[in-house]
Amino acid sequence: MKRFFKLLPVAVFLFMIMAVMSAGILQKDKTYSSAENRTLQAFPKLNVKRVLNGKFQKKYETYLSDQFPERDLWVKLQTITERAFGKTESNGVYFGKGGYLLEKYTDKDINGKTADKNINVLGKFVKEALKVSDVKVMMVPSKTFTLDNYLPDFAETYNENIFYNKLEKKLPDNVIIDIYSILKEHADEGIFYKTDHHWTTSGAWLGYNEYIKACGGDMENAAKKKNFKKVSDNFLGTTFSKVNLYSAKDEINIYEPENEMEVVYNLGEKTENTFYQEKFLKKKDKYSVFFGGNQAVLEISGGVKNNKTLFIIKDSFANCIIPFLAEDYEKVVVADMRHLNIGMTMLLRKYKPDEVFVLYNTIQFMQDKEFALKL
């Protein structure tokens, strides 16, 4: 009997290992995680070349992690355990003050070559585009860098001023809009979601305000648009999904234009008379209420009849600023290069915009391996 009790922990451990392995073998691979709002790694292609260069092993490690049975539950258990031991960070997320979950970005997370290449290509593009259009560039800082006063003590993070300094050297004068300073000034006013990496509609309105100011637009009209409607109070975003633990849920607010607008999706795929897809408010990915998520091309009309076209080159941070801008132009064209197989030059020739607005998040811009190629 004494020997039985000695072997019992080993037997239980082996049983758990076998149970997890069996579940992993029997379960069907998932292609998408609604909790994390991303595509999961499929079983990687196996051949001798990929094994020798290490690509198969790297992809296979990600595959095992993504397809682990009851992965979300294990992530939550890991987070609870680490919090119980007093850790202020788990799975690349800091547990900040005031209930903020802040992504951990360090120098190791930034590929200097990719970032420099994207900056150089953007610089060349802007100089060419300036020959036929007015051009503005806005790089929205990360929540972590902007809300550094909410970080735990001694938290390590990437200094995004390094990026801004490089960008300033490559772009012509009066092109960059300094959005970091104004966001920092309003850091305590709910400009970023607590559980997601995006800025809120309030943060986007500050960005819109700075854009109008930089273009010499109507500031009184811009101020009137600080009028939002709450559409959700139980949003849990992408940062939450990394730890499956939160202290408060987020609100989502939207801006509704006075006049009815027309939105043509992806060169004629469908046409809507609203910026918002409310069906997503009943799903995990509630941020996709803005235009149903990222789209390759949007053509928006219904704004002021001033014979002006605005062309926006963007990532997901632009989704909630577009409704503010749409009313100020006769036509607004929005292009997300991550979902396009054609270059920006061809689209610019097609639409001949009066103004070009490049809006990206700093971290996403530096990590985008296809930006330079597609631009």
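Numbers for residues simply follow the sequence, beginning at 1.
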Name each donor-acceptor pair under 3.5 Å that joins a side chain in residues 346-353 to protein atoms two or more places apart or in another chain, with its distance.
from, atom 1, to, atom 2, distance (Å)
Tyr351, OH, Glu299, OE2, 3.1
Lys352, NZ, Arg349, O, 2.9

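- For Gln367, the side chain to side chain contact (heavy atoms under 4.5 Å, CB included) partners two or more places apart in sequence, or in a different chain, are Asp109, Ile363.
- Ring pair Phe371/Phe365: centre-to-centre distance below 6.0 Å.
- In this model, a donor atom of one side chain and an acceptor atom of the other lie less than 3.5 Å apart for Asp250 and Thr195.
- Side chains of Asp148 and Thr146: no donor on one and acceptor on the other come within 3.5 Å.
- The residues Asp336 and Lys314 are annotated as salt-bridged, a charged nitrogen and a carboxylate oxygen being separated by less than 4.0 angstrom.
- No side-chain heavy atom of Leu359 sits under 4.5 Å from any side-chain heavy atom of Ile313.
- Ring-centre distance between His198 and Tyr287: below the 6.0 Å cut-off.
- Looking at Lys249 and Asp233, no side-chain N of the basic residue comes within less than 4.0 Å of a carboxylate O on the acidic one, giving no salt bridge.
- A cation-pi contact links Lys270 to Tyr265, judged by a cut-off of 6.0 Å to the six-membered ring centre and 45° from its axis.
- Ring centroid separation for the pair Phe145 and Tyr180 comes in under the 6.0 Å cut-off.
- Cation-pi geometry between Lys283 and Phe280 is met: under 6.0 angstrom from the ring centre, within 45 degrees of the axis.
- Side-chain contact, Glu330 with Asn306: no donor N or O sits under 3.5 Å from an acceptor N or O.
- The one candidate from Lys308, Glu355, Lys305 that meets the side-chain hydrogen bond (donor to acceptor under 3.5 Å, both in side chains) condition with Tyr329 is Glu355.
- Close placement of the Phe291 and Phe275 rings is indicated, their centers lying within 6.0 Å of each other.
- Distance alone, capped at 3.5 Å, is enough to place a donor-acceptor pair between the Glu89 side chain and the Gly92 backbone.
- In the model, His197 has a side-chain atom that pairs as donor or acceptor with a side-chain atom of Thr238 under 3.5 Å.
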So Tyr158 and Tyr105, ring-ring contact (aromatic ring centres under 6.0 Å, His included) or not? Walk me through it.
CA-CA 5 Å; Tyr158 175 74; Tyr105 301 118; 8.6 Å; no
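- Only one option out of Phe290, Trp205, Phe324 pairs with Tyr255 in a ring pair (Phe, Tyr, Trp, His ring centres under 6.0 Å); it is Phe324.
- Checked for salt-bridge contact, Lys242 and Glu103 miss the test: no charged N lies under 4.0 Å from a carboxylate O.
- The shortest distance between side-chain heavy atoms of Val263 and Asn273 does not fall below 4.5 Å.
- For the pair Lys97 and Tyr150, the cation-pi test (distance below 6.0 Å, angle within 45°) is failed.
- For the residue pair Glu160/Ser142, the side-chain donor-acceptor check at 3.5 Å is satisfied.
- Residue Tyr276 is grouped with residue Ile252 when hydrophobic side chains (ILVMFWY) are merged at heavy-atom distances under 4.5 angstrom, including chains of intermediate members.
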Should Leu375 and Leu373 be marked as a side chain to side chain contact (heavy atoms under 4.5 Å, CB included) after you check the CA-CA gap, both sets of side-chain angles, and the distance that decides it?
CA-CA 6 Å; Leu375 189 65; Leu373 176 66; over 6 Å; no
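- By the 4.5 Å heavy-atom criterion applied to side chains, Leu281 and Lys279 are not counted as neighbours.
- Side-chain contact between Val333 and Leu298 is absent, with no heavy atoms from C-beta onward closer than 4.5 Å.
- Remark: Leu167 CG to Ile119 CD1 distance equals 5.5 Å, nearest 0.5 Å.
- Ion pairing of Lys225 with Asp328 is present here, as a side-chain N (NZ or NE/NH1/NH2) and a carboxylate O approach within less than 4.0 Å.
- Ring orientation note: the planes of Tyr193 and Phe235 are nearly perpendicular, at an angle over 60° on the 30°/60° scale.
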